[in-house]
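We count residues from 1, following the sequence as given. Order of listing sets the numbers, starting from 1, for every ligand and every atom in it.
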Amino acid sequence: MAALEKHSGSDLQELDKDHHLHPFTDHKALHEKKSRIITRADGVYIYDEEGKKILDGMSGLWCVNAGYGRDEIVDAAAEQMRELPYYNNFFQCAHPPSIELAAMLKEVSPPQFNRVFFAGSGSESNDTIVRMVRRYWDLLGQPERHTIISRENAYHGSTVAAASLGGMKPMHQQGGLPIPGIVHVDQPYWFGSDRSLSPDEFGLLAARSLEDKINELGADKVAAFIAEPVQGAGGVIIPPDSYWPEVQRICNEHGILLISDEVITGFGRLGEWFGADYFGIKPDLMPFAKGVTSGYLPLGGVMISDRIADVLIDKGGEFYHGYTYSGHPAACAVAIANLQILQRENLVERIKNDIGPYLQEGWRELGDHPLVGETRMLGLMGALELVKSKEPLQRFDEKQGVGTICRDFLVNNGLVMRAVGDTIVAAPPFVLSHKEADEMIDITRRCLDLTQEAING
Ligand SMILES: *Cc1c(COP(=O)(O)O)cnc(C)c1O
């Protein structure tokens, strides 16, 4: 029986080509080459089919925060599957793992959050956001408060609603997105501007593009503003200090809901439990996913503040929304085991006081390389801007694909990081040791040299 055969090597690559269409992939381009097949992983390292060891500077897709090879997470899943592999939370039912995880999430979240709504991924969580925000205003008798404001170049997922919330032009161009009722304002990307303003002046200007949009639409038409505390997939865009306080002021003044998409920043990535803690903002809703399980099983959800939960509960009426796998027992058991690891090993504080500052220092030193126009890193989330010239500052023509050239050198030299245009981004696991951090910086420096040689030669 085919399913029981053990395939390996080029055999696997052929099967992949014949039977598998990959996510976020140019199918024609991949069809002409071969996929890299990852077969196992341990700590911060992944290993491919040929046994090549690669430091995972992206934690998978920003998710394997506790690192690979955590037996206690695996055991938690196995035990739960033996006890109760599945039951739903519909029809007035619940089960111990979803209840225990809900209580645990309350413990680690900012004080306005006492409740959670479970989903299966970040995209689903943001679909829930769109439904729930509109439900909230309907229940308050203000159904005309319908429009959700997001930002250019934001990433909120890949379903129809989540991709609409996102601000990625190439995604919108496929399939007529965004859906009605979702509009976009400026992102606080100072390095991507003409840099004629100071970062703080620029941050205020970006925040005020939100206020301009609210005034244009009329505040009584606006339901919510959604943003990532630090834009991840868009290129690790860390806003100037002036940005978030101004956004908070604007949301407060116009009475609109503030949604902090914590899918990457949630559960410690910035050295605080949530991005909202780091920036001192008070969101009404926080979608999360990725790091909640360190990627061992899929799980997402939305933390719901009392402002919203009180209305849903007091006004009543069925909210016709939920997923078969909302609060899946094995996924919840995995999340509990993962959060226990973060707590017991003080991994969040470790990012703030130890490995965060340590990696940041090495990262900053990469700024002296002639190819690097800016370095930035908050917690364990960083970016390098590759530039053609530093004085005067000139960026490459994107078509030259310098970011991709550099990314390929990195992977071939044993370090996964990602290229977003000519921005190289990193988000290593929280368990990264000092030695492994040194290795990251060394490989990066070497690959910057190789990239320089490749484009000069
Ligand atoms: C990855 C991501 C999502 C989507 O999560 P999926 O689990 O891939 O659906 C949403 N928001 C942000 C900020 C993300 O980085």
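Of the heavy atoms in W62, none comes closer than 4.0 Å to ligand 1.
In this structure, K53 forms no cation-pi arrangement with Y47, as its terminal cationic atom is not both closer than 6.0 Å to the ring centre and no more than 45° off the ring axis. At least one test fails for R134 against the ring of Y136: distance under 6.0 Å to the centre or angle within 45° of the axis.
In this structure, F274 has its ring center at least 6.0 angstrom away from the ring center of F288.
Per-residue contacts place E228 under 4.0 angstrom from the following atoms of ligand 1 (heavy atoms of the residue considered): 13 (C). Which parts of ligand 1 touch I264 is read off a 4.0 Å heavy-atom cut-off, strictly below it: atoms 15 (O). For ligand 1 and S121, the ligand atoms under 4.0 Å from any heavy atom of the residue are 7 (O), 9 (O). Within ligand 1, the atoms closer than 4.0 Å to a non-hydrogen atom of G122 are 4 (C), 5 (O), 6 (P), 7 (O), 9 (O), numbered from 1 in the order shown.
Looking at H22 and S35, their side chains never bring a donor and an acceptor atom within 3.5 Å of each other.
Protein heavy atom at the shortest distance from atom 11 (N) of ligand 1 is D261 OD2, 2.8 Å. Counting only heavy atoms of the protein, atom 8 (O) of ligand 1 lies nearest to S123 OG, 4.3 Å.
Note: E262 CD to S109 OG = 9.0 Å, rounded to the nearest 0.5 Å.
Other residues, nucleotides and ligands place no more than 12 heavy atoms under 6.0 Å from the CD atom of E83. Atom OH of Y87 has 12 or fewer heavy atoms from other residues, nucleotides or ligands within 6.0 Å.
Taking any N or O of G157, backbone or side chain, none lies under 3.5 Å from an N or O belonging to ligand 1. Ligand 1 has a nitrogen or oxygen under 3.5 angstrom from a nitrogen or oxygen of K290. Distances between N or O atoms of E124 and those of ligand 1 include no value under 3.5 Å.
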